[in-house]
Amino acid sequence: MVRLALEGLGARYGKRSIISDATTPWIEGGSLTALVGANAAGKSTLFRRIAGQMGGSGSVRLSGADQNDLRYMPQDTAMTAALTVYESVILALKQGASGWRLSAQELASVDHVLHRFGIAHLATRQLPELSGGQRQSVSIAQTLVTRPKIVLMDEPTSALDLYRQFEILEALRRYAVDTGAVVVLALHDLNQVMRSCATTIALAQGRIVAAGDTLEVLTPDLIRQLYGIDSRVERCSRGSPMMIVDGPSSSAHAAGHC
Ligand SMILES: Nc1ncnc2c1ncn2[C@@H]1O[C@H](COP(=O)(O)OP(=O)(O)OP(=O)(O)O)[C@@H](O)[C@H]1O
C-alpha cells in the first residue's frame, strides 16, 4: 500500500512564510486526492515543498514508496523543444536512465500512455505546434509514463474542454486504481472534485484547514472559509452531490482574497 502524510511542513520564499505546519493524516493510494484553496493559498508551493524542490521545516512521510517514485507536474510547462510528442514522452521515460536503448516493455508503456490519455493521434506532431489543451495532455503523459507511485499535478485540467476534463480525470482515476498510486491534483472546480476525488485537502493562507473524505471536507462552511462564497451541496436528480453557488458571502474579505 502506497501512502503519503505531511508532518508539520513549512515553506518560505526568502523571509516570507507561505506554508505553515502543514499536517495531514495518511493519504492512501488507489484513488484521487484533491488539493483545493483560493488563488495564492499556497497549493503550488506545497507541491514544490513535497517534491523536494524547496527546503523547509517538517517532513514528508512516505510508505511503500520513496522520493524517487514521486513525479510533480507544475502548472505551466514550456514546450518549446523541437521534438515530436512521441519523442518527448520517450525522453521523459528515459530521464535519469543510464542507457539509451528502449526495451519492448518501454515502447509498450509509451504506447499505452499515449492511448490512455487520448493523444496517440498527436504522436508525430511537433510540441511547439500544439494547442494549450493538447500540451496539457502531453504533459500528463510525460509525468505518468514511468508509472510513478506518488503523483502531484498542479491544475491538470485547467486548459481542457469539458469533454477532455471528464476523459482525463477518469483516466487519472483509473491510473490510481490500477497502480495503487497516491495521486494529488490541485483543482479549482469543486464539482469535478466531488465527482472524481475520494479525498480532499483544503488549504487556506498556507495552512491545511481540513483533510479527509471529500464530502465531509467540502461543507458550505468550509467553502465560505476558503473562497468567500455562499454555496449548497445538494444531490442532483441522478443522486450525485453537486455544489450550487449562491454568490459571494458578505464575509468574502475575511477569506483573504486578493
Ligand atoms: N517564486 C516565488 N517567489 C516568491 N513568492 C512566490 C513565489 N511563488 C509563489 N509565491 C507567492 O507564494 C504565495 C502562494 O503562491 P502559490 O503559487 O503557491 O499559490 P497557489 O495556491 O498555487 O495559487 P493559484 O491557485 O493562483 O495557482 C503567493 O502569494 C505567491 O505570490
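The figures here come from the full heavy-atom set of this structure, side chains too, leaving out hydrogens, waters and symmetry mates. Numbers here are sequence positions counted from 1. Just follow the structure's listing: the first ligand is 1, and inside any ligand the first atom is 1.
- Atom CZ of Arg195 has more than 12 neighbouring heavy atoms from other residues, nucleotides or ligands inside a 6.0 Å radius.
- In this structure, Asp66 has no side-chain hydrogen bond (donor to acceptor under 3.5 Å, both in side chains) partners at least two apart in sequence or on a different chain.
- Defined by atom type and a distance below 3.5 Å, a donor-acceptor pair is present between the side-chain atoms of Ser158 and Gln136.
- Of the N and O atoms on the side chains of Arg164 and Ser137, at least one donor lies less than 3.5 Å from an acceptor on the other residue.
- In this structure Arg174 satisfies the salt bridge (charged side-chain N to carboxylate O under 4.0 Å, His left out) test together with Asp178, sequence neighbours excluded.
- With sequence neighbours left out, the side-chain hydrogen bond (donor to acceptor under 3.5 Å, both in side chains) criterion links Asn191 to no other residue.
- Within 4.0 Å of ligand 1, counting heavy atoms only, the contacting residues are Tyr13, Arg16, Ile18, Ala38, Asn39, Ala40, Ala41, Gly42, Lys43, Ser44, Thr45, Arg48, Gln75, Glu155, His188.
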